[in-house]
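For reference, the structure is listed below as structure tokens.
Just so it is clear, the values below take in all heavy atoms, side chains as well, and ignore hydrogens, waters and symmetry mates. Please read all numbers here as calculations on a predicted model, not as lab measurements. Each chain gets a letter, A, B and so on, in the order the sequences are listed, and its residues count up from 1.
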Amino acid sequence: MNIAVLVKLVPDTAAMIRLNGDKSGIETRDLNWVLNPYDEYAAEEALALVEKHGGEVTAVACGGDDQVEALRKVVAMGANNAVLVKREGEYDQLASAKAIANAIKDRGFDLIFTGYRTTDDDSTAIGPMVASLLELPCVTEVNKLEVGDGTLTAERNIEGGSEVLEASMPCVITAQKGLNEPRYPKLKGIMMAKKKQIETVDAEAGDIRTATTTMDYPPERPAGKIVGEGVEAVPELVRLLREEAKVIE
Amino acid sequence: MPYHALDYYRLDEQLTEEERMIRDAVRSWVSDRVIPKIDEAFRDHFFPQEWIPEMAELGLFGPTLPEEYGGAGIGDIAYGLAMQELERGDSGIRSFASVQSALVMYPIYTWGSEEQKRNLLPKLARAELIGAFGLTEPDAGSDPGSMLTTATKVDGGYRLNGAKMWITNSTIADILVVWAKLDGVVNGFLVEKGADGLTCPETTGKWSLRASVTGEIVMQDVFVPEEMRMPDANGLKCPLMCLNQARYGITWGVLGAAQACFDSSLQYALSRPQWGKPIAGFQAVQEKLVHMATEITKGQLLCYRLGQMKQNGTSSFRQVSMAKGNNCRVALEIARIARDIHGANGITDEYPIMRHMMNLESVYTYEGTDTMHTLIVGSDLTGLEAYKG
């Protein structure tokens with residue numbers, strides 16, 4: 001089985017995010033960078049499948065040289081190959097998806113995994129866009145996967161329940177939390193990843209059609225409201241929780 | 001509450017990619033596996049055995065050794081960072097890794113026969129064998145040269161007699177690195193669990209390192225075959241070199257405990273209102289937080305430079321003493337300040353403060369007391385030894 005995992009390096013989810021001076025983006029200087037947590041589920045699923053069925057896992061990232069760190073993390077987890085789709089400057093989602101699709105289209109992947117979203121800009125687009133560009137089926141937010149001979153069965157949560165889908169392969173799967181428990185990279189794997197040759201291909205992306213203009217912090221939370229004191233205040237509190245806050249029924 | 005590590009002087013920029021990856025891998029494992037369980041283990045006084053194979057799988061035992069002996073060939077700075085992350089979880093778990101790596105695998109690698117190395121090191125790396133290190137005795141602590149344990153040459157090997165105490169993992173160890181005097185010279189022996197005349201009673205009643213097993217090693221005419229003596233381990237300098245390895249790990253480790261206390265203090269101070277504002281907004285509390293952060297940052301720089309010198313092979317045991325002494329001292333002080341900032345809440349196990357504080361009381365003393373490290377540096381500066389009788 002020949003599997004690709006599309007990954008991205010993102011700011012540590014525990015990091016305090018600050019905007020840069022003109023609010024055109026975030027201040028990146030003091031940030032610790034990590035592999036997008038949902039891409040870890042994607043990588044784990046790919047590695048486990050290859051351990052079971054044989055084959056190879058190729059990690060793919062699109063971006064500048066900083067993305068090599070994301071690739072090395074997946075190699076440290078056990079991936080066989082790593083490809084950097086190298087781009088200069090900022091891309092929008094479609095440009096990134098095109099660059100990735102062009103880079104992987106002739107590599108004969110049976111499955112393409114990626115996280116269902118990236119925790120930096122909350123994008124969920126890359127997986128489905130790559131699938132569309134390659135004319136492949138796509139199942140998003142998968143939390144359970146069975147792979148058979150040329151087909152797969154994927155389960156995903158939907159509002160109030162779950163949905164099971166069958167799809168033919170090749171197929172793009174975007175991974176949701178719960179799909180598996182990602183392994184920790186071993187110290188030996190990390191030392192081996194350091195020596196791994198990273199293949200670099202130039203991005204072919206076409207025009208960039210969207211651009212971020214400004215970013216801003218969420219509005220400050222309004223001050224709390226004191227509705228009264230003691231037992232007498234309870235009916236009013238219950239009414240407000242039910243009718244205004246809508247947190248009880 | 002997610003953990004925020006302090007990196008005020010952007011040491012991260014100095015680290016290599018693999019150093020950061022190793023640090024982050026251990027940090028994640030500690031967050032996921034150690035933090036949720038550690039308070040129970042500490043309270044109920046046990047070491048969660050399921051952590052041992054997981055640590056082995058990560059590669060935390062003997063990681064600086066070459067791959068052919070089961071190591072990962074990581075550098076000293078990466079090793080230090082791993083120790084820092086383990087001790088952010090608990091000093092007991094860092095102690096486990098220190099003993100296996102610095103006090104058991106290191107001497108076998110350094111002074112063992114090729115056969116001992118090939119047989120034992122990969123098994124110790126995989127934690128198929130657990131090791132312990134026996135140097136300290138009831139009447140030989142800071143002055144290990146006064147040890148009473150003896151080895152006597154007999155047909156095919158040696159007979160060992162004596163008692164060791166304060167031995168991490170002695171009760172669960174498969175193999176004990178025991179230091180004993182043979183014709184008046186300290187030698188290193190590998191004593192196997194189950195040997196006739198060997199008992200390892202557990203030390204009870206500890207208020208520190210409760211998530212770590214401590215015991216004695218009592219030997220009455222224990223036979224050790226010739227092939228289990230480490231051929232090149234002759235002289236007191238050998239166990240002292242082992243301690244130097246472990247002390248190096250401690251200098252990084254205690255900063256992990258200190259950072260856990262600082263992080264908890266900062267978050268607590270920001271979320272605890274008094275007189276209508278977070279206590280972090282009061283000058284007296286800020287002064288404490290700044291003092292903690294400054295000492296952690298100084299400690300990090302000390303560790304990093306020491307790690308560089310160790311990697312170059314130019315560090316001396318005196319420099320390790322300065323760092324071990326300083327970092328344990330400041331970590332303990334930081335834990336106490338953290339307790340103060342947390343007010344009454346600081347005494348409960350809702351926060352990691354008292355656990356780290358109680359652990360650090362041991363770490364301050366073991367692997368060379370604070371006083372000994374001071375006097376080692378003192379004798380180097382003045383040329384006058386002030387610690388011998």
Side-chain angles (χ1 to χ4, degrees), chain A residues 7 9-18 27-37 39-41 43-44 59 61 65-79 82 84 119 177 180-196 198 221 223-224 226, chain B residues 1-13 15-33 54-75 78-79 81-82 85 97 101 122 125-126 263 266-267 270 273 276:
Chain A
V7 297
L9 199 68
V10 297
D12 190 337
T13 48
M16 299 273 276
I17 300 294
R18 293 188 180 88
E27 182 59 70
T28 55
R29 206 175 48 183
D30 289 331
L31 290 176
N32 187 34
W33 297 82
V34 299
L35 183 60
N36 175 39
D39 295 345
E40 285 188 31
Y41 301 115
E44 175 60 41
D65 287 332
D66 52 334
Q67 290 296 329
V68 166
E69 194 166 332
L71 295 170
R72 288 212 197 277
K73 286 193 180 186
V74 186
V75 173
M77 287 171 79
L84 175 66
T119 56
K177 190 176 176 174
N180 51 47
E181 279 289 321
R183 68 195 65 191
Y184 303 97
K186 298 172 190 170
L187 269 51
K188 265 182 208 164
I190 292 170
M191 296 308 282
M192 250 154 44
K194 181 183 151 187
K195 296 173 204 146
K196 189 87 186 176
I198 307 274
R221 277 202 310 192
I226 294 171
Chain B
M1 195 76 82
Y3 168 60
H4 298 89
L6 181 72
D7 185 20
Y8 205 74
Y9 265 44
R10 286 195 212 128
L11 205 51
D12 257 35
E13 290 175 7
L15 301 178
T16 64
E17 194 175 84
E18 76 268 15
E19 284 164 354
R20 285 199 309 273
M21 279 169 73
I22 287 169
R23 192 257 330 261
D24 291 347
V26 182
R27 183 177 291 172
S28 300
W29 181 76
V30 167
S31 292
D32 298 345
R33 303 288 299 152
E54 293 179 27
M55 290 167 82
E57 180 77 12
L58 271 168
L60 287 169
F61 301 135
T64 56
L65 300 188
E67 277 200 41
E68 56 178 317
Y69 297 115
I74 73 169
Y79 174 75
L81 289 163
E85 295 308 316
S101 302
R126 292 194 297 265
D263 183 41
L266 180 59
Q267 295 190 34
L270 286 168

Lys/Arg-Asp/Glu bridge criterion (N-O < 4.0 Å) met for A:Arg183, A:Glu44
yes
Taking NZ, NE, NH1 and NH2 as the nitrogens, is one of them in B:Asp24 or A:Lys73 under 4.0 Å from a carboxylate oxygen of the other?
yes
Does any heavy atom of chain A fall under 4.5 Å from the side chain of B:Glu18, the backbone, both, or neither of them?
both
Chain A heavy atoms under 4.5 Å from B:Glu67: which part of the residue, side chain, backbone, both or neither?
side chain
Would the distance check show the side chain of A:Asn36 and the main-chain N or O of A:Val7 forming a donor-acceptor pair, the cut-off being under 3.5 Å?
no
Quick one: does B:His4's side chain have a donor or acceptor within less than 3.5 Å of a partner on A:Ala14's backbone?
yes
Max heavy-atom pairs within cutoff under 4.5 Å with chain A, candidates B:Gly59, B:Gly73, B:Ser28, B:Pro63, goes to B:Ser28
Under 4.5 Å from any heavy atom of chain B, what part of A:Asp12 do you find: side chain, backbone, both or neither?
neither
